[in-house]
Visitor: 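I'd like to ask you about the structure that follows.
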Amino acid sequence: MAQYNLVQQKAMEHPRVAGLLTTALSGLLFYLGFYRPYLQIKEHVEEVHFSLAAIILSVPLMLVGLVLLLFANRYSAFIFKPNAERTKTQLYTIYGVTIVATLLVIWLLNRWLTANGYSTI
């Protein structure tokens, strides 16, 4: 385990705790990026501010957190495996799922904002 840093080693030793912390961080970012603007829209404020960076970060963190929470030791070594040791299929699958999920959330947010009469530009 010398190839892993301290945070990765602790996460691999306690994957459910790491999953809980990752999911909590993702929830905070999702609140800042999506839920707070949702509340602003419900209040019909003139201008809504949302953080695209927070949304983009929250989706992959949520995916990793849920995998660690649900599958614990079964996938923790897989999640923290260095990219050089992964097959191209594994890399494309991981990146593909992450990118598709993130783009879907952004697209849904954009559609929802325009449906409520807000400009997204």
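All of these numbers come straight from a predicted model, not from anything done at the bench. For the numbers below, each heavy atom of this structure counts, side chains included, while hydrogens, waters and symmetry mates do not.
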Visitor: Verify, without hydrogens or angle tests, whether R36 (side chain) and Y31 (backbone) share a donor-acceptor contact under 3.5 angstrom.
Guide: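 Here the side-chain-to-backbone pair does not exist.
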Visitor: Tell me whether L28 is reachable from Y35 by hopping between hydrophobic residues (I, L, V, M, F, W, Y) whose side-chain heavy atoms are closer than 4.5 Å.
Guide: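 In one cluster with Y35: L28, yes.
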Visitor: With rounding to the nearest 0.5 Å, note down the distance linking CG in L108 to CD1 in I55.
Guide: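 Interatomic distance, L108 CG to I55 CD1, rounded to 0.5 Å: 10.5 Å.
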Visitor: Do L32 and L52 share a hydrophobic cluster (ILVMFWY, side-chain heavy atoms under 4.5 Å, transitive)?
Guide: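 Both belong to a single hydrophobic cluster.
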Visitor: Give me the one residue out of V67, L61, L68 that meets side chain to side chain contact (heavy atoms under 4.5 Å, CB included) with V64.
Guide: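 Checked V67, L61, L68 against V64; only one passes side chain to side chain contact (heavy atoms under 4.5 Å, CB included): L68.
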Visitor: What are the two closest heavy atoms between L66 and T23, and how far apart are they?
Guide: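 That would be N-OG1, 3.8 Å.
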Visitor: Ignoring hydrogens, what is the shortest heavy-atom contact between T102 and P60? Give both atom names and the distance.
Guide: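 Heavy atoms of T102 and P60 come nearest at OG1-CD, 3.9 Å.
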Visitor: Rounded to the nearest 0.5 Å, how far apart are CG of L113 and CD1 of I41?
Guide: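 Between atom CG of L113 and atom CD1 of I41 there are 4.5 Å.
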Visitor: Between W112 and Y38, how do the two ring planes meet: parallel, tilted or perpendicular, split at 30° and 60°?
Guide: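 It falls in the parallel class, under 30°.
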Visitor: Report yes or no: do L57 and L21 belong to one cluster of Ile/Leu/Val/Met/Phe/Trp/Tyr joined by side chain heavy-atom distances under 4.5 Å?
Guide: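 Different hydrophobic clusters.
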Visitor: Starting from V105, can I reach V48 by hopping between I/L/V/M/F/W/Y residues whose side chains sit under 4.5 Å apart?
Guide: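 V48 clusters together with V105.
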Visitor: Looking at S58 and F30, what are the two nearest heavy atoms and their distance?
Guide: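 S58 and F30 have their closest heavy atoms at OG-CD1, 3.5 Å.
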Visitor: Nearest heavy-atom pair of Q40 and E47: which atoms, and what distance?
Guide: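 Taking every non-hydrogen atom into account, OE1-O, 4.3 Å.
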Visitor: At what distance, to the nearest 0.5 angstrom, does OH of Y95 lie from CD of Q90?
Guide: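 Interatomic distance, Y95 OH to Q90 CD, rounded to 0.5 Å: 11.5 Å.
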Visitor: Could you pull out the closest heavy-atom pair between S26 and M62, with the gap in Å?
Guide: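 S26 and M62 have their closest heavy atoms at OG-CB, 3.2 Å.
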Visitor: Minimum heavy-atom separation for A101 to L63, with atom names?
Guide: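 For A101 versus L63, the nearest heavy atoms are CB-CD1, 4.2 Å.
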Visitor: In this structure, would I56 and L109 fall into the same cluster of hydrophobic residues linked by side-chain contacts under 4.5 Å?
Guide: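 Yes, it is one cluster - the side chains of I56 and L109 are joined through contacts under 4.5 Å.
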